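Written out below as structure tokens is the structure these notes cover.
Residue numbers begin at 1 in each chain, while the letters A, B, ... track the order of the sequences. Predicted model, so just to flag it, every value in this text is computed and none were measured.
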There are 2 protein chains.
Amino acid sequence: MAALQPKRRGRPPAGGREAILEAALGLLRERGISRLTTREVAARAGVSEASVFYHYRDRAGLLKAVFEQGLAPLLALNEAGAIAGPDRRTVLERLGHGIERFLEQALPAITAAQSDAATRDELAAYMAANDLGAHRGVKALSDYLADEQAAGRVRADIDPQAVAATFVGACFMRAFQAQMHLPKRSLPSLPAVIDSVDLMLAPRAPGQVTQATRRRSA
Amino acid sequence: MAALQPKRRGRPPAGGREAILEAALGLLRERGISRLTTREVAARAGVSEASVFYHYRDRAGLLKAVFEQGLAPLLALNEAGAIAGPDRRTVLERLGHGIERFLEQALPAITAAQSDAATRDELAAYMAANDLGAHRGVKALSDYLADEQAAGRVRADIDPQAVAATFVGACFMRAFQAQMHLPKRSLPSLPAVIDSVDLMLAPRAPGQVTQATRRRSA
DNA sequence: GTCTATAGGTTGATAGAC
DNA sequence: GTCTATCAACCTATAGAC
């Protein structure tokens, strides 16, 4: 990332490049990709149309930049590593809100890429190369649950990966429903989903937690 | 649906209208909506471009027909009513496969509508008017689980709607991942999800199922 | 209902001056 | 780096004959 370089040489950028990218992302979210023309982007960014091509070569280059910008939050989540929290419910709350907030940003870009076969395949290749996708959220929660399971704080007979997929899937579905402007109230609220998953993860015999604690590894 | 009328009067249609719609749907799924031009539709359907406008007035009319065609399977599921099966696992299998198969057909149309704000709002209004959406699958499973719960075959302390949302959400996420050409193997398999949900729905005391059976209502 | 021909408008992209 | 001016391609839609 160029943002990490403390000092720059030479003439500072005029900000045209960033303005174009921001205008494109805003246009994409508000009007959809079919209205994302180089003309409207230039007008919204306050620059000429030729500047768009100067900075991004062609429309495909601009779109690629827009998609990577939209998926940037997931890359950042990449370095964050394992999720943590004082208790299981807090972990679920943080992860659930985090997923829905991220998808609110990323889904417009992801669905937009589906509008063209070439664009879709390009995005798929990019995501595969950077190991991006829904499995990331699943793995984060799955790893946490496996640890908790080893510590005896989660039912021993459940499959952490499968349970994680159901939780992440519910968040995913809620975010998608919201993005296509369908009433979110037709689906269970996030707290309700959290309560449900949290309840089902509880060890079967609540009074005998210490019995399983011996399996703690670290 | 006109398909239910047993007999027709007058001259039988030449099939041009259906050929155009089928070509448009195929083009949408293979190349995306941005390549769904009246030219290519006409060429693929083997008709002239003017025929497209004769049958569907304008491009928006064609798109509307394509979307309704893509969502038709869900309308059919509408009349099917409650889901059923010999046991809980079979019900989960049928519903899970049904959802993923349906989304395989419908998701291209749904995501395509997101490419334009006007089209997106139009589809959202159509779905709201016909009570379509992910909540349909959730409600179907939720109702089934509530019945099973009343019969004592499902844990009494779980929220049927929330559990249903996690299961449908997992199927939704898997179908979406597949549609955007990302490796499905990065997510848990459908049988694994089914096993997980099925296990967590089991009454807490396996040997004392009869204890809860007294709550059977019908 | 289907065709050919064409109008009218929008878009991505380039050339060349500043 | 940014601009104006321009082009070639494409797309939607209509007119009118068959």
Is the ring pair A/Phe172/B/Phe172 parallel, tilted or perpendicular, if the boundaries are 30 and 60 degrees? tilted

Atom CD1 of B/Ile33 and atom C1' of D/dC11 are separated, to the nearest Å, by 14 Å

Verify the neighbour count for atom CD of B/Glu49: are there more than 12 heavy atoms of other residues, nucleotides or ligands below 6.0 Å? yes

Looking only at atom types and distance, does a side-chain atom of A/Arg94 sit under 3.5 Å from a main-chain N or O of A/Ala84, one as donor and one as acceptor? yes

Is any side-chain nitrogen or oxygen of A/Tyr54 closer than 4.0 Å to OP1 or OP2 of D/dG1? yes

Would you kindly say whether A/Ser142 and A/Gln161 are connected by a side-chain donor-acceptor distance under 3.5 Å? no

Nearest heavy-atom contact between A/Pro183 and A/Gln177 is O-NE2, 4.0 Å

Quick tally for nucleotides 4-12 of chain C: nucleotides whose base has a protein heavy atom under 4.0 Å get B, sugar-phosphate-only ones S, the rest -, giving B------BB

Separation of C/dT2 atom C1' from B/Arg17 atom CZ, nearest Å, is 15 Å

